[in-house]
Q: 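Just passing along the structure, written as structure tokens.
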Amino acid sequence: MKIGILTSGGDCPGLNAVIRGAVLKGIAVHGQEFVGFRDGWRGVVEGDIIDIPRTMVRGIAKQGGTILGTSRTNPFENGGGPEAIKAHMDRLGIDAIIAIGGEGTLAAAKRLTDAGLKIVGVPKTVDNDLDATDYTFGFDTAVQIATEAIDRLRTTGESHHRCMIAEVMGRHVGWIALHAGMAAGAHAILIPEQKVSIEQITEWVKEAHARGRAPLVVVAEGFVPEHMESPHSERGLDTFGRPRLGGIADQLAPELEARTGIETRATILGHIQRGGVPSAFDRVLATRLGMAAIDSVVEGYWGTMVALKGTDIQHVAFAEALGQLKTVPQNRYDEAAVLFG
């Protein structure tokens with residue numbers, strides 16, 4: 001059996017560990033062949049592949065990024081679609097595809113599976129927003145990177161008696177902000193799931209400052225203050241029609257400075273959260289998911305993705321994973337809010 005692997009969407013720590021886990025198990029246990037599609041769905045649409053022998057995956061679990069390259073190509077545009085992709089698979093002798101990606105990637109994989117292609121998925125996103133899985137690989141690394149960066153911001157904030165605002169990724173969920181903010185001891189954590197007024201944020205900042213602290217605010221890129229209708233976005237849409245978020249920290253900083261009289265600085269961590277080597281947790285989780293994806297292929301579980309439930313790996317339907325975003329529940333936010341101000 002010949003299997004094609006792709007990594008699509010934003011890069012993420014742990015992608016290479018998935019590839020390694022799948023290839024090693026597929027070759028060792030089932031005698032399968034592997035090829036990689038270059039740059040995600042672009043390689044699938046164009047039939048652009050490279051061979052993945054066992055030697056190619058040696059030692060790659062600790063590498064960040066993806067050896068296959070990635071893109072945000074929409075497989076239904078620019079000559080794509082199920083018929084064109086099936087023709088490439090037949091020509092290249094590829095029997096099935098393992099698609100490693102986030103919400104956009106897996107939504108495309110579902111449409112292609114519904115059209116008759118043999119695809120299984122592996123959930124990937126630093127945002128941890130995919131439903132039907134407890135954690136996605138990349139999240140733990142992103143939180144660790146964000147926490148270390150925020151710790152550094154705290155020292156400069158304390159030296160200058162400033163209020164520091166750190167903006168982290170997460171799109172429309174606040175998992176990175178919640179975890180990194182709690183770990184770093186933030187005085188306020190602002191997430192998309194919770195509408196908070198500027199007045200409330202100002203109060204938290206003033207309370208921290210009154211105790212002699214340099215106020216620290218962690219904000220998710222998709223946070224929507226009470227006076228706004230939608231997340232701050234000034235960079236247009238991506239190829240799947242979703243707004244490119246980012247910049248809310250720059251909007252909040254001058255407003256808080258004007259209201260509190262405290263010198264305020266904003267830092268947007270951005271893509272640094274997705275770079276570098278994956279954490280040990282993400283390497284192990286990614287490896288397990290890659291190996292489990294081979295089980296999905298062997299069993300013919302088309303239209304499913306592998307997922308972490310507790311400590312077990314399970315197979316769930318794309319529809320179950322894509323029905324809704326996995327948002328931060330109220331009790332988790334309330335737990336963190338006790339520490340604000």
Q: From Leu325 CG over to Glu103 CD, what is the distance, rounded to the nearest 0.5 angstrom?
A: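 Here the interatomic distance stands at 5.0 Å.
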Q: Are any non-hydrogen side-chain atoms of Asn128 and Ile176 less than 4.5 angstrom apart?
A: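 No, every pair of side-chain atoms sits at 4.5 Å or beyond.
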Q: Any donor and acceptor pair, going by atom type alone, linking the side chain of Arg111 with main-chain N or O of Leu106 inside 3.5 Å?
A: no
Q: So Arg332 and His179, do their side chains get closer than 4.5 Å, heavy atoms only?
A: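 Contact flag for His179/Arg332 side chains = yes.
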Q: Could you tell me if Gln330 and Gln194 have a donor-acceptor pair between their side chains, going purely by distance under 3.5 Å?
A: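 Checked: Gln194/Gln330 side chains pair up, N/O donor to acceptor below 3.5 Å.
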Q: Spell out, as yes or no, whether a donor-acceptor pair under 3.5 Å connects the side chain of Gln273 to the backbone of Ile145.
A: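 Between the backbone of Ile145 and the side chain of Gln273 there is no qualifying donor-acceptor contact (under 3.5 Å).
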Q: Between the side chain of Gln200 and the main-chain N/O of Ser197, is any donor-acceptor distance below 3.5 Å?
A: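 No; judged by distance alone, with no hydrogens or angles, the pair does not exist.
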Q: For Thr70 and Gly10, indicate whether the former's side chain and the latter's backbone hold a donor-acceptor pair under 3.5 Å.
A: no
Q: Among Trp204, Phe340, Phe223, find the one that has a side chain to side chain contact (heavy atoms under 4.5 Å, CB included) with Ile189.
A: Phe340
Q: Should Ile294 and Ile98 count as side-chain neighbours, where that means a heavy-atom distance under 4.5 Å?
A: yes
Q: Go through Thr156 and Met164 one step at a time and tell me if the side-chain contact (heavy atoms from CB on, under 4.5 Å) criterion holds.
A: CA-CA 9 Å; Thr156 189; Met164 305 299 286; 3.7 Å; yes
Q: Looking at CD1 of Ile52 and CD1 of Ile19, how far apart are the two atoms once the value is rounded to the nearest 0.5 Å?
A: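 Output value for this atom pair is 6.0 Å.
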Q: Is a side-chain donor or acceptor of His209 paired with a backbone partner of Pro215 at a separation under 3.5 angstrom?
A: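 Not at all, since once roles are kept as given, no pair shorter than 3.5 Å links the two residues.
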Q: Would you say Leu112 and Ile85 make side-chain contact, with heavy atoms under 4.5 Å?
A: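 Leu112 vs Ile85: side chains touch.
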Q: For the side chain of Arg38 and the backbone of Ile49, is there at least one donor-acceptor N/O pair under 3.5 Å apart?
A: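 The answer is yes, because a donor-acceptor pair under 3.5 Å joins these two groups.
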Q: Would you check, one step at a time, whether the test side-chain contact (heavy atoms from CB on, under 4.5 Å) holds for Ile97 with Met89?
A: CA-CA 9 Å; Ile97 293 175; Met89 291 177 67; 3.7 Å; yes
Q: Is there a donor-acceptor contact under 3.5 Å from the side chain of Thr125 to the main chain of Asp127?
A: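 Side chain of Thr125 to backbone of Asp127: a pair is present.
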Q: Picking from Leu130, Thr136, Leu15, Thr7, what satisfies side chain to side chain contact (heavy atoms under 4.5 Å, CB included) with Lys124?
A: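 Of Leu130, Thr136, Leu15, Thr7, side chain to side chain contact (heavy atoms under 4.5 Å, CB included) with Lys124 is met by Leu15 alone.
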Q: Is the closest basic N to carboxylate O distance between Lys195 and Glu226 below 4.0 Å?
A: no
Q: Is there a side-chain contact between Val122 and Met305 in this structure, where contact means two heavy atoms from C-beta onward sitting under 4.5 Å apart?
A: no
Q: Quick one: does Thr105's side chain get under 4.5 Å of Trp41's, heavy atoms only?
A: yes
Q: Any Lys/Arg nitrogen of Arg213 or Glu158 sitting under 4.0 Å from an Asp/Glu carboxylate oxygen of the other?
A: yes
Q: Measure from the side-chain N and O atoms of His187 to the backbone N and O of Leu216, and report whether any donor-acceptor pair falls under 3.5 Å.
A: yes
Q: Please determine whether a side-chain nitrogen of the Lys or Arg among Arg259 and Glu257 lies less than 4.0 Å from a carboxylate oxygen of the Asp or Glu.
A: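 No, this pair does not count.
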Q: With the side chain counted from C-beta on, respond yes when Asp295 and Lys25 share a heavy-atom pair under 4.5 Å apart, and no when they do not.
A: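 Touching, per the 4.5 Å side-chain cut-off.
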Q: Which distance, rounded to the nearest 0.5 Å, do you find between the CG of Asp134 and the CZ of Phe139?
A: 11.5 Å
Q: Output yes when a side-chain donor or acceptor of Glu221 lies under 3.5 Å from a complementary backbone atom of Arg171, and no otherwise.
A: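 Yes.
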Q: Determine, for Asp48 against Arg42, whether the closest basic-nitrogen to carboxylate-oxygen distance falls under 4.0 angstrom.
A: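 Yes, this pair counts.
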Q: Counting N and O atoms only, with roles assigned by atom type, does the side chain of Lys326 sit under 3.5 Å from a partner on the main chain of Thr133, one being a donor and the other an acceptor?
A: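 Answer holds: yes.
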Q: Would you tell me whether Thr66 and Asp11 have side-chain atoms, one donor and one acceptor, within less than 3.5 Å of each other?
A: no
Q: Is there a donor-acceptor contact under 3.5 Å linking the side chains of His315 and Thr304?
A: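 No pair is found: no donor N or O on one side chain lies under 3.5 Å from an acceptor on the other.
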Q: Charged N to carboxylate O below 4.0 Å: is that the case for Glu83 and Lys86?
A: no
Q: To the nearest 0.5 Å, what is the distance between CG on Leu289 and CZ on Phe137?
A: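 Leu289 atom CG to Phe137 atom CZ measures 7.0 Å (nearest 0.5 Å).
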Q: Can you check whether Val120 reaches Val306 side chain to side chain, under 4.5 Å on heavy atoms?
A: no
Q: Looking only at side chains, do Gln144 and Glu148 share a donor and an acceptor under 3.5 Å apart?
A: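 On atom types as modelled, these side chains qualify, holding a pair under 3.5 Å.
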Q: Using a 6.0 Å cut-off, check whether atom CZ of Phe76 has over 12 heavy atoms from anything other than its own residue.
A: yes
